[in-house]
Amino acid sequence: MYKPKAGLPTREQILDFIATSDVPAGKREIAKGFGLSAQDKIGLKALLKDMADEGLIDSAPGRAFHKMGGIPKVTVLRIADVDDGGNVWAVPERWEAEGVPPPRLRVRERKRGALGVGERILARTEEAGNGWIAHPMKVLAPASEQVLGVLREEAGRLWLTGVDKRERREFAVADAGGAAPGDLVLAELAGKPPKIAARVVQKLGDPFAARSFSLIAIHKLGIPDVFSQEALDEAERVSKLPLGEGREDLRDLPIVAIDPEDARDHDDAVWAEADDDPSNAGGWKAIVAIADVSFYVRPKSEVDREARRRGNSVYFPDRVVPMLPEILSAEVCSLKEGADRAALACHLRIGKDGSLKSWRFTRAVVRIAANLAYEEAQAIIDAASPVADDRGDMLSVLQPLWACWHALAKARDARAPLDLDLPERRVVLDEQGRIMSVSPRERLDAHRLIEDYMIAANVAAAKALEAKKAPVMYRIHEPPIREKLAALKEYLETFDVPFALGQVVRPATFNHIIERIGDADFRPQVMEQILRTQTQAYYAPGNHGHFGLSLGSYAHFTSPIRRYADLLVHRSLVSAYGLGEGGLPADDAANMESVGEIISRLERRAMEAERDTTDRYVAAFLSERVGQVMDVRITGVTNFGFFATVEGIGGDGLMPVRDLGGEYFRFDEGARTLTGEHSGDMFAQGQTLELRLAEANPVSGALRFEMPEGKGAAQPPRGGRKPVREIKRRGRPANIRHQGKRR
């Protein structure tokens, strides 16, 4: 029994309470168990989130907590095995702990032999000794396990190979459903181990065909990519709505949209000029015009329901899965050159020091003077000479934008946000969808300019809603937790870079580390490690600031075509400023927390899909170079080998420890190194070396490396790590296979 005490319980007390509670322990039960006041409950919520970020606890459906690596008190299990002794074993149907295998629970059946492999049960669980026991409460309706994979033929039989790099099994195909070897398929598994067979339920096509890699991520992660006919019909109807009366007319201003060359939609456009108000001498007036999506997508409409279900658009090298139907996302809402468009305009007055003096929001009609690519805008500014075309003199339009941006940049430098210059990979395809190149995106001042205008508008939106005491869907980025800072300290020590744990950590703290390193060859790896130290940003109605940007109030306002969070902010602004129809409904205002959790989760899904698809394109690009020796950099070290990425291209691949030679390699978890027991040869994060690409699988995105014969001298990062000597592989050479060649 817990004796209530003043203040919050410790992490250890919470873990003990969760483990010993007779009922599923959610926030309410924990607060009641420790007798917390209403004020303490606010702190408890933050503490529980910290514990989840630290990997101490996880939440089950219904918001009950359990220890990370543990199992909820009541959960759904799937019967995985019945051993020779008649013992029934089950595994959790839902298991998301990365790198940790799901535990096996011994099922205590009331009636022996009642449960078979594959059946699903609702069970009460308990930890017993070093294992787990499950007490069945109810047998649930069957749910077939589905696998996304590629068919292959061997000795006249068809086999299914999963697309997930973590899936090591292959399954015999009992029914191909008309699919042929090489097809990407969705299959259901049936039967009991070891005789599990696959039945194809959907043929998805050729995974190596042009513009098909994204289909794997779409189907694997369950991303909705087809709009209902009702939503399409509704989008068609609302696209014909007149812009309406009462809009501020900004069509005479040369507002420009600056986007990537391959942009599929245009949310935002900008304009600036010197402020003629004496009270803001040397300052600027600026407008950030954002597509007025809330005018077309009304709450509770079919299009709104589809948008909330998606949460955001998902961008792949070969396609976009939009949040809104194309007639809205790419046409009516997109700010296109020469067309009258509905916009929500953020009017800013900016001081000569870059501070935001004032802001106001209006519904407006705009006519974009030009859609410019970043490279085009930069070239015009760099040339610094008037170049007139049918759009007019763009230099005279861009110069005030750049001058105002220099003021915004001063303010940014003064607040010292986190500055991690990590290149983004760009996959370039030709018109047929074939890969032309994979390379880092060039970072231009034009990119920074648009970022700073968007940040200014986002800050203004958050502060405007705060002033109106209106609901805000904040974009929150909390400071790093102590455990991650301690891990960073250990990592930096391997480079002889000091880092004190007792200091107040600010973004500038990490910037100073990068400055101290200078141009050392391990600079990118340190920036990657600093990035891993950060917490994950999320959406919520409670303001906790944005650590990375060094801002106290921040909301996403500038991309309502592709982010549902921005659409909610637009609706709140429409309501707060009395701008007409399409405001925020009362029930959405009351449920902002749960909506924030949902769209944060959907954002993470989109990020995973985009990352996995890029990895597949990189693997496809490198599949043409299997067998070649290439420069790589070690990005991670584990007890079973190390991961390396190809310099200048990317794509993580495994170098298995079994292929390092005949000697035993000792893994140091703290230093993240593998060291030969006899030779002293060391492999450590950040080192560069030459490896041979042994395998590149475009379907899974996985790479595998091996040591080249007579090579292997790694270049250690400057900072004192021991160089790796020439290592000759012992034993049989690895079997070099060329998987997944596209052409």
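Computed from a predicted model, the values in this text were never measured in an experiment.
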Carboxylate-amine/guanidinium proximity below 4.0 Å for R571 and D566: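 No, R571 and D566 are not salt-bridged.
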Distance alone, cut at 3.5 Å: any donor-acceptor contact between the side chains of [X] and [Y]?
X    : Y    : answer
Y296 : E234 : no
D268 : T558 : no
Y564 : R308 : yes
S294 : D292 : yes
R616 : T613 : no
R319 : S214 : yes
N543 : Y554 : no
E466 : S553 : yes
D265 : Y315 : yes

Taking C-beta and beyond as the side chain, do [X] and [Y] meet within less than 4.5 Å on heavy atoms?
X    : Y    : result
E478 : F547 : no
F213 : P317 : no
R562 : D267 : yes
V321 : R310 : yes
L420 : F510 : no
L418 : Q534 : yes
L105 : V91  : no
Y539 : E593 : no

Without swapping roles, check the side chain of [X] against the backbone of [Y] for a donor-acceptor pair under 3.5 Å.
X    : Y    : result
H477 : Q536 : no
T614 : E610 : yes
S600 : G596 : yes
T533 : Q529 : yes
H447 : L444 : yes
E306 : S228 : yes
S623 : A620 : yes
D612 : A217 : no

Name of the residue among D652, L622, V438 meeting side-chain contact (heavy atoms from CB on, under 4.5 Å) with V646: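 Of the listed options, the one satisfying the test is L622.
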Can you tell me if [X] has over 12 outside heavy atoms packed within less than 6.0 Å of its [atom1]?
X    : atom1 : result
E326 : CD    : no
R506 : CZ    : no
R28  : CZ    : no

Please report the closest heavy-atom contact between K220 and L148, naming both atoms and the distance. N-CD2, 3.6 Å
R298 vs D304, salt bridge (charged side-chain N to carboxylate O under 4.0 Å, His left out): CA-CA, chis, key distance, verdict: CA-CA 6 Å; R298 303 295 173 86; D304 182 51; over 6 Å; no
